[in-house]
Amino acid sequence: MSLFALGDLHLHYQSVLKARSQLHDRVWKNHEEIFRRNCEKILTDADTLVLDGDHSWGRDLSECEQDLQYIRSLPGRKILTRGNHDMFWDVKKTGRLNELFRPGLIFLQDSYEAYRDYALVGTKGYTFEGPFYLDRRGRIVGWDEEEEVHAKKLVDRELARLRKSFELAKADGYRKFIMFLHYPPTSILEERSGFTDMAEEYGAEQVVYAHSHGEHRFHDSIHGEYRGRVYHLVSGDYLKWKPLKILD
């Protein structure tokens, strides 16, 4: 019995693929079958797989049916968190998704799931991604301050959702946590953030995130041990479609 994670499957069985990287980058070629084979080699039905956002390019649930069926067919218990491209998932209707797809799929939002004596908590998160203004050497010399203000509002909303999940788990007696975000926990301008502070406040042992695609983005945020937590990037192209073991 182990806990695994991977994010950014970006499935498109029923939708039109327009993402340049998925159309042309070698790492995305037949990634669905590569991931399936890796899951079948590594996971058993006793394991838990957290899929960390951006599951489908479908614009609504009708365009995601085959994508979700693909995920449902993978080994183990499947827990899904929201990504920025998951247009089919209205956060206010998460309960409806769980009614439709449990026990095959679990949609995690404003709640928690148990794994052994850990509570798994998660939300989409958010981080400021520019636009940034660069000098001739590629150094950041400024950024869009209006967009930064807007980003802060989204960060505050996601922090409130994450705190709700921590508090629900805490009220049920959990004291050990693994925290999942889709967005990185910090922007490229930050060393700390509200998300890293909350991980420390509740004693989350590990923080797992995705969203960062391509080698030029893999180091946008924290990797490894930082201030007593361990941070993992689990974007599928970063992991070469092999789920990362988070806990035994």
Side-chain angles (χ1 to χ4, degrees), residues 1-89 97 100-101 103-108 120 122 124-125 129 180-184 208-221 223 231-247:
M1 179 174 174
S2 298
L3 174 67
F4 294 87
L6 184 138
D8 302 300
L9 281 176
H10 286 292
L11 300 170
H12 55 96
Y13 287 109
Q14 294 170 272
S15 51
V16 177
L17 178 61
K18 297 180 180 180
R20 180 180 176 85
S21 62
Q22 277 190 252
L23 287 167
H24 301 292
D25 290 359
R26 185 175 179 181
V27 71
W28 288 93
K29 186 176 181 179
N30 297 324
H31 80 284
E32 303 94 341
E33 288 308 310
I34 293 169
F35 180 60
R36 182 195 297 278
R37 289 198 300 268
N38 284 334
C39 287
E40 290 173 348
K41 290 178 183 177
I42 297 170
L43 277 73
T44 71
D45 286 338
D47 295 324
T48 295
L49 173 63
V50 178
L51 293 168
D52 208 6
D54 281 3
H55 313 291
S56 172
W57 284 110
R59 293 169 296 179
D60 55 39
L61 199 55
S62 67
E63 290 189 353
C64 299
E65 291 178 357
Q66 291 182 34
D67 298 337
L68 294 175
Q69 181 57 40
Y70 164 93
I71 294 171
R72 177 184 269 168
S73 71
L74 299 171
R77 175 175 64 146
K78 276 77 66 177
I79 299 174
L80 285 67
T81 65
R82 285 176 67 236
N84 58 301
H85 287 295
D86 291 323
M87 298 296 104
F88 73 94
W89 187 340
L97 285 174
L100 288 171
F101 291 98
L105 302 176
I106 299 168
F107 295 84
L108 182 63
L120 310 181
K124 180 176 69 175
E129 298 182 290
F180 292 88
L181 303 169
H182 176 67
Y183 278 90
V208 182
Y209 66 96
H211 184 70
S212 298
H213 292 303
E215 292 185 10
H216 66 292
R217 297 292 306 276
F218 289 161
H219 296 282
D220 281 0
S221 194
H223 286 251
Y231 290 78
H232 302 287
L233 171 62
V234 296
S235 294
D237 56 335
Y238 176 71
L239 296 178
K240 301 294 191 293
W241 311 111
K242 182 179 179 180
L244 179 68
K245 183 183 287 189
I246 304 299
L247 286 174

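- A 4.5 Å side-chain heavy-atom check between L9 and I71 finds at least one atom pair inside the cut-off.
- Note that CD1 of I34 and SG of C39 are 12.0 Å apart. Values are rounded to the nearest 0.5 Å.
- For the pair Q14 (side chain) and E65 (backbone), a donor-acceptor distance under 3.5 Å is present.
- In this structure, the separation between CG on N38 and CG on L6 is 9.0 Å, given to the nearest 0.5 Å.
- Remark: R59 CZ is loosely packed, at most 12 non-hydrogen atoms of other residues, nucleotides or ligands lying under 6.0 Å away.
- Side-chain contact of D237 with S235: a donor-acceptor pair under 3.5 Å is absent, judged by distance alone.
- When atom types are taken as modelled, the side chain of W241 and the backbone of V27 share a donor-acceptor pair closer than 3.5 angstrom.
- Under a 3.5 Å cut-off, the side chain of D86 and the backbone N or O of D54 do form a donor-acceptor pair.
- Between atom OG of residue S212 and atom NE2 of residue H182 there is a gap of 8.5 Å, rounded to the nearest 0.5 Å.
- Side-chain atoms of Q22 never come within 3.5 Å of backbone atoms of L17 as a donor-acceptor pair (strictly under, hydrogens ignored).
- In this structure, W57 CH2 and D67 CG are separated by 11.5 Å, a value rounded to the nearest 0.5 Å.
- L68 places a side-chain heavy atom less than 4.5 Å from the side chain of L80.
- Using modelled atom types, no side-chain atom of K78 and backbone atom of L105 make a donor-acceptor pair closer than 3.5 Å.
- L239 contributes atom CG, which lies 8.5 Å from atom CZ of F218 (distance to the nearest 0.5 angstrom).
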Evaluate side-chain contact (heavy atoms from CB on, under 4.5 Å) for L61 paired with L97, printing each intermediate quantity in order.
CA-CA 10 Å; L61 199 55; L97 285 174; 4.1 Å; yes
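- In this structure, P243 and I42 approach most closely via the heavy-atom pair CD-CD1, 4.1 Å.
- Checking each of N84, D220, D52 against H211 for a side chain to side chain donor-acceptor pair (under 3.5 Å) leaves exactly one that passes, namely N84.
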Please test H213 against W28 for side-chain contact (heavy atoms from CB on, under 4.5 Å), starting from the C-alpha separation and ending with a verdict.
CA-CA 11 Å; H213 292 303; W28 288 93; 4.0 Å; yes
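- Ring centroids of F107 and H55 are separated by 6.0 Å or more, keeping the two rings apart.
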V208 vs V50, test: side-chain contact (heavy atoms from CB on, under 4.5 Å). Steps then yes/no.
CA-CA 10 Å; V208 182; V50 178; over 6 Å; no
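- No side-chain donor-acceptor contact under 3.5 Å links Y209 to the backbone of G125.
- Just one of H216, H223, H232 meets the ring-ring contact (aromatic ring centres under 6.0 Å, His included) condition when paired with Y238; it is H223.
- Distance CG/L3 to CZ/R77: 8.0 Å, rounded to 0.5 Å.
- Proximity of a side-chain donor or acceptor of D47 to a complementary backbone N or O of S2 within less than 3.5 Å is detected.
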Can R37 and E40 be said to form a salt bridge (charged side-chain N to carboxylate O under 4.0 Å, His left out), step by step?
CA-CA 5 Å; R37 289 198 300 268; E40 290 173 348; over 6 Å; no
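- At distances below 3.5 Å, at least one donor-acceptor pair connects side-chain atoms of D60 with backbone N or O atoms of E63.
- Across A210 and D8, no two heavy atoms sit closer than the pair CB-OD2, 3.1 Å.
- When all heavy atoms of Y183 and E129 are compared, the pair lying nearest together is CE2-OE1, 3.5 Å.
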